[in-house]
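Heads up: the structure comes next, in structure tokens.
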Amino acid sequence: MTQLDLQALQALDAAHHLHPFNDNAALAKKGTRILVRGEGCYVWDAHGNKLLDAFAGLWCVNVGYGRKELGEVASRQMTQLAYYNSFFQCTTEPTVHLSAKLAELTPGDLNHAFFTNSGSEANDTILRMVRHFWAVQDQPQKQIVIGRHNGYHGSTVAGASLGGMKGMHAQGGLPIPGIVHIDPPFWFADGGDLSPEEYGLVAARRLEQKIIELGPENVAAFIGEPIMGAIGVYIPPRTYWPEIERICRKYDVLFIADEVICGFGRTGEWFAGQYYGFQADIMAIAKGLSSGYIPIGAVMFNDRVAKVLAEKGGELAHGYTYSGHPVCAAVALENIRILQEEKIVEQCKNDTGPYLAQRWQELGDHPLVGEVRIAGMVGALELVPNKRERKFFAERGKVGVMCRDFALKRGLILRATYDSMLLSPPLVISRDQIDELVVKTRGALDDTARELGM
Ligand code: PXG
């Protein structure tokens, strides 16, 4: 692309395209970066820079870029039957096969799928579904859903309400009624003198306190990301999720796991439920379901929920034009075939995951790094002013952005939330590429420390 073409594209973008989660006036001044190609773990921008994508797009390109099989499957399905809906007694072959495949892959008796276009829509669907589930069992007051402060469950009205991002709630009068939040498990900032394991139990019991305060007869469900992604990869202690599950069972509160980031191998297991040893009643999936090649999400729900919906639910007055889109389903099926046949999840669990953990942990010796977090192929470095204290920078976020920009100059895409540097590479990353990632990250940390005069 010539410089002129690039500038023209940037000008058109600034004039006509409102970017998600961006201050668009500021962005227009800087000019957007235009990405043109991807292969494996690398993407190329319009200047011809080759960048190692340590963030897999947006936590999603699990099988890596440039997989021709996925394009071929999409092309074949588009030619044969580009679209048909799942309303009016109809469905399509890939959609049926995908629901059966997901029933087989997901843990326990999550045997039923409802298809959406995204993770946000999956969580919207779940809110409707759980409220309906209790209403048709003569418990219409059992409607409150408990989420967590700083959780992320998407950007639609229900998704943003279930999530606990203050900045999102401040716009548009959110959360909607009947959704409350408890504090998330984040030992670094909140654990005090407790060991992470002790703290995991304390953090989980906040759910019990909230259920008792609200009255169990009023609480429909609890929702959480097994590992909180967008806020900064908060990896809860091992004790947290089994205790959450126990509490949900005790008070008959439906347990919803938002596996949109964690699903499809991110933790080195197919799902984080297997990593932590819990069994959810309902699960939201998206992202890795198609490795981001095409928009698709789903709600997986268990036999109990399915039985109630079938026997008492009548019509669930909910659905999208593209629920179960045949092209998206065909691509998702092919993506799952690749993950299975190439044993990509097993490789992460047994080889590249442990290697990444070892190399990532080494960065803990850097003066800027206050905590290293890693679980399978997802992790973070918490940058701090003083390594000996578990305290944030006074002005949060400045140093994270600085480090992210230095990484980019070195050809590495890292993401920053406040001063947490986030890691979520394609699952196909090799040992050599992990070495490259760690060397470049250390370089960016050094550049940042120098800039700060440390
Ligand atoms: N749940 C979780 C756990 C997510 O991470 C969604 C739901 C919503 O999915 P859709 O497909 O509707 O975007 C997500 C999405 C970030 C960032 O800044 C993260 C997401 C989306 C946008 C930005 O890390 N995750």
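Position 1 is the first residue of the sequence; numbering continues from there. Just so you know, these numbers use all the heavy atoms, side chains as well, and skip hydrogens, waters and symmetry mates. None of the values given here were measured: they were computed from a predicted structure. Atoms within each ligand, like the ligands themselves, are counted from 1 in listed order.
- At the shortest separation from atom 1 (N) of ligand 1 among protein heavy atoms lies Asp258 OD2, 2.7 Å.
- Thr125 and His318 share a donor-acceptor pair across their side chains, judged by distance under 3.5 Å alone.
- Residue contacts with ligand 1, taken as heavy atom pairs separated by less than 4.0 Å, involve Lys287 solely via side-chain atoms from C-beta onward.
- For ligand 1, the atoms sitting less than 4.0 Å from at least one non-hydrogen atom of Glu225 are 3 (C), numbered in the order shown with element in parentheses.
- From the protein, the heavy atom lying nearest to atom 11 (O) of ligand 1 is Gly119 N, 2.9 Å.
- No hydrogens or angles considered: a donor-acceptor pair under 3.5 Å links the side chains of Asp124 and Thr156.
- In summary, the atoms of ligand 1 found under 4.0 Å from a heavy atom of Arg415, numbered by their order in the structure, are 16 (C), 18 (O), 24 (O).
- No side-chain donor-acceptor contact under 3.5 Å links Tyr42 and Asp53.
- Atoms of ligand 1 found under 4.0 Å from any heavy atom of Ser118, numbered from 1 in the order shown, are 11 (O), 12 (O).
- Proximity of Asn123 to ligand 1, defined as any heavy-atom pair under 4.0 Å, is confined to the side chain (atoms from C-beta onward).
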query: Please walk me through it: do Glu197 and Arg238 pass salt bridge (charged side-chain N to carboxylate O under 4.0 Å, His left out)?
result: CA-CA 7 Å; Glu197 287 66 33; Arg238 287 269 162 201; over 6 Å; no
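- A donor atom on one side chain and an acceptor atom on the other are found under 3.5 Å apart for His112 and Asp303.
- The closest side-chain donor-acceptor pair between Glu208 and Tyr251 falls under 3.5 angstrom.
- Looking at Ser120 next to ligand 1, an N or O pair under 3.5 Å apart turns up.
- Atom 22 (C) of ligand 1 has as its closest protein heavy atom Leu58 CD2, 3.7 Å.
- Of all atoms in ligand 1, numbered sequentially from 1 with element shown, those under 4.0 Å from a heavy atom of Ala230 are 16 (C), 24 (O).
- With distances taken over non-hydrogen atoms, the option nearest atom 14 (C) of ligand 1 out of Phe55, Phe21, Tyr152 is Tyr152.
- Between the side chains of Asp258 and Asn123, a donor-acceptor pair is found at a separation under 3.5 Å.
- Residue contact check for ligand 1: Glu259 places no non-hydrogen atom closer than 4.0 Å to it.
- The ligand atoms of ligand 1 that sit less than 4.0 angstrom from a heavy atom of Ile261 are 5 (O).
- Side chains of Thr92 and Thr95: a donor on one and an acceptor on the other come within 3.5 Å.
- In terms of heavy-atom proximity, Leu427 sits nearest to Ile344 at CB-CG2, 3.7 Å.
- In terms of protein heavy-atom proximity, atom 19 (C) of ligand 1 is nearest to Trp59 NE1, 3.5 Å.
- With no hydrogens or angles considered, a side-chain donor-acceptor pair links Asp13 and Thr32 at under 3.5 Å.
- Of the heavy atoms in Ala286, none comes closer than 4.0 Å to ligand 1.
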